[in-house]
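First up is the structure itself, then whatever we jot down about it.
As the structure is a computational prediction, the values presented were derived from the model and not from experiment. Both ligands and their constituent atoms are indexed starting at 1 by order of listing. Heavy atoms only: backbone and side chains are in, while hydrogens, waters and symmetry mates are out.
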Amino acid sequence: MTTCRICATPIEAFMTFGRMPIANGFLLPEQFRDEYFFELAPAFCPCCGMLQIIDQPAPEMMFHGNYAFFSGTSRYMQAHFQRFAQQVMDTILPGRADPFVVELGSNDGIMLRNFAAKGIRHLGCEPSENVAAAARAQGVNTLCAFFGKATAEKIRAENGPADAILAANVMCHIPDIHSVAEGFKALLAPNGVVMFEDPYLGDMVTKTSYDQIYDEHVFVFSALSVQNAFARHGLELVNVEAQVTHGGSMRYTLAPTGSRPVSDAVHALLAAERAQGLDKAETFDRFRANCEKSKADLVALLTRLKAEGKRVVGYGATSKSTTVLNYTGIGPDLIEFISDTTPIKQGKFTPGAHIPVKPYEDFTKAYPDYALLFAWNHKAEIMEKEAGFKAAGGKWIHFVPEVGISE
Ligand code: TYD
């Protein structure tokens, strides 16, 4: 029997996406034979409201010395993290003597470089050595480690308590939230805060963006589930702020219980989540039905375009696309290649579906008839940049919030 990672209530999967490879496990043909697969099946805990996947591959299989994810590749994301850092500097750090900021999963230093530039004491905690090295090369102090109580105690012993602990698109990766929460308590100054943001469950349900569910995302949070998960560790949800990043995210602020007032935004979001049914299992039965429809519609559309002799390529070899491709069974017969600007992915093949990943120039040098926007979370940035594709008669295929062609 499977139990909830937060409250140990027995839970069951409400659907399965089938056999899935490692979402960021771009690979070469000689590696196809040994490719690792696991069953991707999400479950909803009716007791604490946490959406989680039943099985998750070992962390070392996902975050290692050759991790294919570099945050700094998007211009919009750089601006987003600059604003996040500025918010911390303006609202949390003033009045503190020699403040200290820690970030979990600091990747290539996209957020912390803003603190480094101002001479603010900072430390990133990043388990993948290749991205940690990229951060250090830019002057961002980085410890290559997974964050938990032991790491937190070591950081505090060497640097003192943290005024702000930050994480972006990281908390949802960590199965042992309790160990992380204990780490927060061990490291946080009494008047300090934890601020983290991740894809938001409310958006995922509204948009049927089932591609948010993949190996690295062991949880998809709501205000309700975050409140429940941290309350037991003496950390209170004191603020929430919606973000447009990653297709709809939420930034949560936690503080030692009773140390700060709970904002009106928290009360309003909790009420909105109840109204949306994010506290009820039936909501996820409807979500499953919507996923099935999305799958059938996408396969039908691509099959029709192929029959008409159209060229279709993918745009952005995202981690999310691994769920879409393996759930729908769409492969190189329907999508010629996927263009991506990340050098480490180019020349490789997508996990499971084995569609070639090619440099961006392969997209621009001979525009296809259709481009399937896998990086839909960067739509604004991409549409701005790709006016030429449209002018040449190219059309975009989207699948969030529903499958269709943008004229
Ligand atoms: P990302 O948004 O990080 O999604 P995920 O978390 O699902 O991996 O990935 C975006 C991918 O799209 C990344 O591999 C870079 C690529 N990309 C482009 O190829 N061109 C672009 O203009 C943008 C913004 C992203």
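For F363 and Y315, the distance between ring centers is under 6.0 angstrom.
For ligand 1 and G316, the ligand atoms under 4.0 Å from any heavy atom of the residue are 12 (O). Residue-ligand proximity, K320 to ligand 1, at heavy-atom distances under 4.0 Å covers atoms 4 (O), 5 (P), 7 (O). Near Y214, with a cut-off below 4.0 Å to any heavy atom, the atoms of ligand 1 are 6 (O). For ligand 1, the atoms lying closer than 4.0 Å to a non-hydrogen atom of I382 are 22 (O).
With a 4.0 Å cut-off on non-hydrogen atoms, N377 touches ligand 1 through its side chain and not its backbone. When heavy-atom distances to ligand 1 are checked against a 4.0 Å cut-off, T342 comes that close only through its side chain, counted from C-beta outward. Contacts between W376 and ligand 1, counted as non-hydrogen atom pairs separated by less than 4.0 Å, are absent for every part of the residue.
A distance of 3.5 Å separates CG in N239 from OG in S263, rounded to the nearest 0.5 Å.
When Q243, Q212, E273 are each tested for a side chain to side chain donor-acceptor pair (under 3.5 Å) with Y200, only one passes: E273.
With V357, T341, I344 as candidates, the residue nearest to atom 19 (O) of ligand 1 on a non-hydrogen basis is T341. Distances from atom 21 (C) of ligand 1 to the heavy atoms of H378, E216, K385 show the closest one on K385. Among I338, D340, L373, the residue whose heavy atom lies nearest to atom 13 (C) of ligand 1 is D340.
Stacking of K295 on the aromatic ring of Y327 is recorded, both the 6.0 Å distance cut-off and the 45° axial limit being met. With a 6.0 Å cutoff to the six-membered ring centre and a 45° limit on the axis angle, R19 counts as a cation-pi contact of F37. With a 6.0 Å cutoff to the six-membered ring centre and a 45° limit on the axis angle, K385 counts as a cation-pi contact of Y360.
For K345, a nitrogen or oxygen atom sits less than 3.5 Å from a nitrogen or oxygen atom of ligand 1, counting backbone and side chain alike.
Between R311 and D369, none of the side-chain N atoms (NZ, or NE/NH1/NH2) sits under 4.0 Å from a carboxylate O, so this pair counts as no salt bridge.
Heavy-atom distances between F374 and ligand 1 stay at or above 4.0 Å for every pair.
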Kindly determine whether R251 and Q87 satisfy side chain to side chain donor-acceptor pair (under 3.5 Å), including the steps that lead there. CA-CA 12 Å; R251 182 176 300 163; Q87 180 186 354; 2.4 Å; yes
